[in-house]
Amino acid sequence: MSARASTNPSQAALDILQRNNIKTAPVPVDKIARTLGALVRFSPLHNDISGMIYIKDNVPIIGVNALHHPNRQRFTIAHECGHLVLHRPMITTQVHVDKEFPSVVIRQLNRDSRSALGTDDVEIQANRFAAELLMPRAFLETELRKTFDVDDSTRIEKLAKQFRVSKEAMGNRLSALFSSFSG
Ligand SMILES: [Zn+2]
C-alpha cells in the first residue's frame with residue numbers, strides 16, 4: 001500500500017464517534033450517516049453489490065442492498081460514510097459502487113495477503129473507517145475485559161451480536177487488533 005490519505009481513516013471514525021457522543025455498541029450508523037448529511041436508501045440490488053454512494057445536488061446518497069443481512073447493511077453504510085468523509089471528490093464526479101465486500105477486502109487487509117481487491121487503497125481506507133466506526137478499539141477492549149473466561153469463537157459470536165456486525169467482520173477485527181486472538 002503506497003498511497004495515503006491525508007486523513008487517517010481510523011482517526012476520522014473516532015472523531016465522528018466523539019462528536020456524536022457515542023460511547024457504547026451498537027453504534028447507530030444510520031444516525032451517523034444522517035449527521036454527515038447523507039440520505040440512506042435501501043433497495044434490492046444484485047447480490048454482488050453491497051451498496052453505492054454518490055453526491056447529487058450536493059446531497060450524498062447512500063444506496064444499500066436491502067436483500068443483504070442487516071449487519072452487512074450496517075457495514076455497508078459505515079463503508080460508504082468512509083468514502084464520504086475521506087474521498088468526497090471521488091464520489092462527486094462518479095457513482096461509486098461497492099461489490100463483493102466486506103469479506104474479501106477485510107480478509108485481505110488484515111491477513112496481509114494479496115488479492116485483486118486489495119490493491120484498491122480507497123476501499124481499504126473505507127473499510128478501516130467502517131471497522132473503527134462499528135467496532136471501536138476502545139469499546140472492544142472494555143468488552144474483552146469482561147469476557148476473558150470464554151473461548152474466542154464464543155466471544156466473537158457474543159460481540160458480533162452486541163455490536164451488530166457479522167461474525168466474520170468481528171473475527172477479522174479482533175485478530176487484526178489483538179495478535180493473541182485466534183478467531
Ligand atoms: Zn467502497
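Being a predicted model, the structure only gives us computed values, none of them experimental. Numbering of ligands and ligand atoms starts at 1, following listing order. Nothing fancy with the numbering, it's 1 onward along the sequence.
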*With the Zn ion (ligand 1) at the center, what angle do NE2 from H83 and NE2 from H96 span, rounded to 10 degrees?*
80°
*Connected hydrophobic set around I61, excluding itself, where side chains approach under 4.5 Å*: L39, L45, I49, M52, Y54, V59, V95, V97
*Specify the closest pair of heavy atoms between P60 and N58, including all atoms of both residues, with the distance to one decimal.*
CD-O, 3.7 Å
*Among the N, O or S atoms that H79 has, which is closest to the Zn ion (ligand 1)?*
NE2
*Residues E132 and R173 bridged, charged N to O under 4.0 Å*: yes
*Of all N, O or S atoms in D98, which has the smallest distance to the Zn ion (ligand 1)?*
OD1
_Restricting to N/O/S atoms, is E123 within less than 2.8 Å of the Zn ion (ligand 1) or not?_
yes
Cut-off 3.5 Å, no hydrogens considered: what does the side-chain donor-acceptor table look like for residues 16-38, sequence neighbours left out?
unit_1 : atom_1 : unit_2 : atom_2 : d
N20    : ND2    : I16    : O      : 2.8
N21    : OD1    : K23    : NZ     : 2.9
T35    : OG1    : I32    : O      : 2.8

